[in-house]
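Step one of this worksheet: look at the structure below.
Numbering of residues begins at 1 and proceeds along the displayed sequence. Just the heavy atoms: all of them, side chains too, but no hydrogens, waters or symmetry mates, feed the values below.
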Amino acid sequence: AEVDKRWRALMRKVSENPNVVKCTSYQGLRENLQSFGDGLQKVLKCLKQYLESKKQAFPRFFFLSDDELLDIISNSRTPSAVQPHINKCWEGILCLKFGDFGT
């Protein structure tokens with residue numbers, strides 16, 4: 001959250017003065033950009049660990065890319081949105097039909 005907050009503040013400052021020479025001469029710009037990169041690397045590392053834990057819990061997820069797994073996790077409350085990934089987890093299954101079978 002801190003990286004995002006600082007990034008947005010920098011982009012707001014840049015958008016107010018779109019002159020590239022002036023923008024690149026802001027005091028501390030290089031250090032800020034390096035700090036943003038370091039922060040994003042930490043986030044990426046934590047995300048990779050999280051995805052790895054999901055793959056360990058459900059080995060079929062190893063057949064998916066990280067982007068596909070993120071899509072499944074983010075749409076976990078909408079089963080129909082997971083359809084495009086079904087055949088990558090289970091060979092021979094193209095799609096699933098969802099319905100109310102209890103009535």
Side-chain angles (χ1 to χ4, degrees):
E2 183 62 30
V3 172
D4 184 57
K5 186 179 183 181
R6 290 177 41 220
W7 175 258
R8 288 179 187 270
L10 177 62
M11 291 299 105
R12 203 172 306 111
K13 192 175 177 181
V14 168
S15 69
E16 291 168 0
N17 187 5
N19 183 311
V20 72
V21 175
K22 289 181 181 178
C23 289
T24 56
S25 64
Y26 289 149
Q27 187 172 3
L29 177 65
R30 181 182 178 139
E31 293 79 17
N32 275 334
L33 292 175
Q34 287 175 336
S35 172
F36 297 154
D38 294 342
L40 290 174
Q41 288 299 325
K42 288 178 187 176
V43 168
L44 184 59
K45 182 180 177 185
C46 290
L47 178 60
K48 289 265 187 202
Q49 289 173 343
Y50 174 74
L51 294 177
E52 186 64 28
S53 73
K54 294 299 180 186
K55 289 176 181 180
Q56 292 296 327
F58 190 69
R60 292 277 178 175
F61 285 156
F62 280 104
F63 295 110
L64 303 171
S65 70
D66 288 348
D67 289 342
E68 292 167 331
L69 182 52
L70 277 173
D71 189 40
I72 288 174
I73 292 169
S74 66
N75 289 307
S76 62
R77 295 191 184 268
T78 313
S80 60
V82 177
Q83 286 285 10
H85 310 294
I86 296 296
N87 67 340
K88 292 179 183 169
C89 290
W90 290 279
E91 186 178 330
I93 297 178
L94 182 59
C95 67
L96 299 174
K97 291 183 182 179
F98 297 97
D100 187 13
F101 298 107
T103 59

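Rounded to the nearest 0.5 angstrom, Leu51 CG and Gln56 CD are separated by 12.0 Å. Here the straight-line distance linking atom CD1 of Ile72 with atom CG of Asp67 works out to 11.5 Å at 0.5 Å rounding. We find the CG-CG distance between Leu47 and Leu40 to be 11.5 Å, quoted to the nearest 0.5 Å. Note that CG of Asn32 is 6.5 Å distant from CG of Leu10, once rounded to the nearest 0.5 Å. With rounding to the nearest 0.5 angstrom, the CE atom of Met11 is 10.5 Å from the NZ atom of Lys13.
A continuous path of Ile, Leu, Val, Met, Phe, Trp and Tyr side chains, each step under 4.5 Å between heavy atoms, connects Leu69 with Leu96, placing both in one hydrophobic cluster. Hydrophobic clustering (side-chain heavy atoms under 4.5 Å, transitive across Ile, Leu, Val, Met, Phe, Trp, Tyr) groups Phe61 together with Val82. By the criterion of side-chain heavy atoms lying less than 4.5 angstrom apart, applied directly or through intervening Ile, Leu, Val, Met, Phe, Trp or Tyr residues, Leu70 is not grouped with Leu44; the two fall into different hydrophobic clusters. Linking Ile, Leu, Val, Met, Phe, Trp and Tyr residues whenever their side-chain heavy atoms come within less than 4.5 Å leaves Phe58 and Phe63 in two separate clusters. Under a hydrophobic clustering in which Ile, Leu, Val, Met, Phe, Trp and Tyr are joined whenever their side-chain heavy atoms come within less than 4.5 Å, directly or via other members, Phe62 and Ile73 fall into different clusters.
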Just list the side-chain donor-acceptor pairs under 3.5 Å for residues 84-92, sequence neighbours left out, or say none.
| unit_1 | atom_1 | unit_2 | atom_2 | d |
| --- | --- | --- | --- | --- |
| His85 | NE2 | Asp71 | OD2 | 2.8 |
| Lys88 | NZ | Glu68 | OE2 | 2.2 |

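The two atoms that bring Cys23 and Leu29 nearest to each other are O-CD2, 3.4 Å, heavy atoms only. What you find for Gly39 and Val3 is that their closest heavy atoms are CA-CG2, 3.9 Å. Between Gly28 and Glu31 the shortest heavy-atom distance is CA-OE1, 3.1 Å.
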Full working for salt bridge (charged side-chain N to carboxylate O under 4.0 Å, His left out) between Asp66 and Lys55 | CA-CA 10 Å; Asp66 288 348; Lys55 289 176 181 180; 3.1 Å; yes
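Residues meeting the side chain to side chain donor-acceptor pair (under 3.5 Å) test with Ser35, sequence neighbours left out: Arg6. Arg8 meets the side-chain contact (heavy atoms from CB on, under 4.5 Å) test with Asp4, Arg12; sequence neighbours excluded.
Residue Val43 is found outside any hydrophobic cluster, as its side-chain heavy atoms come under 4.5 Å of no other Ile, Leu, Val, Met, Phe, Trp or Tyr. Val20 forms part of a hydrophobic cluster together with Val21, judged by ILVMFWY side-chain heavy-atom separations under 4.5 Å.
Here ring-ring contact (aromatic ring centres under 6.0 Å, His included) pairs that include residues 5-48, with residues two or more places apart or in two chains, are Trp7-Phe36.
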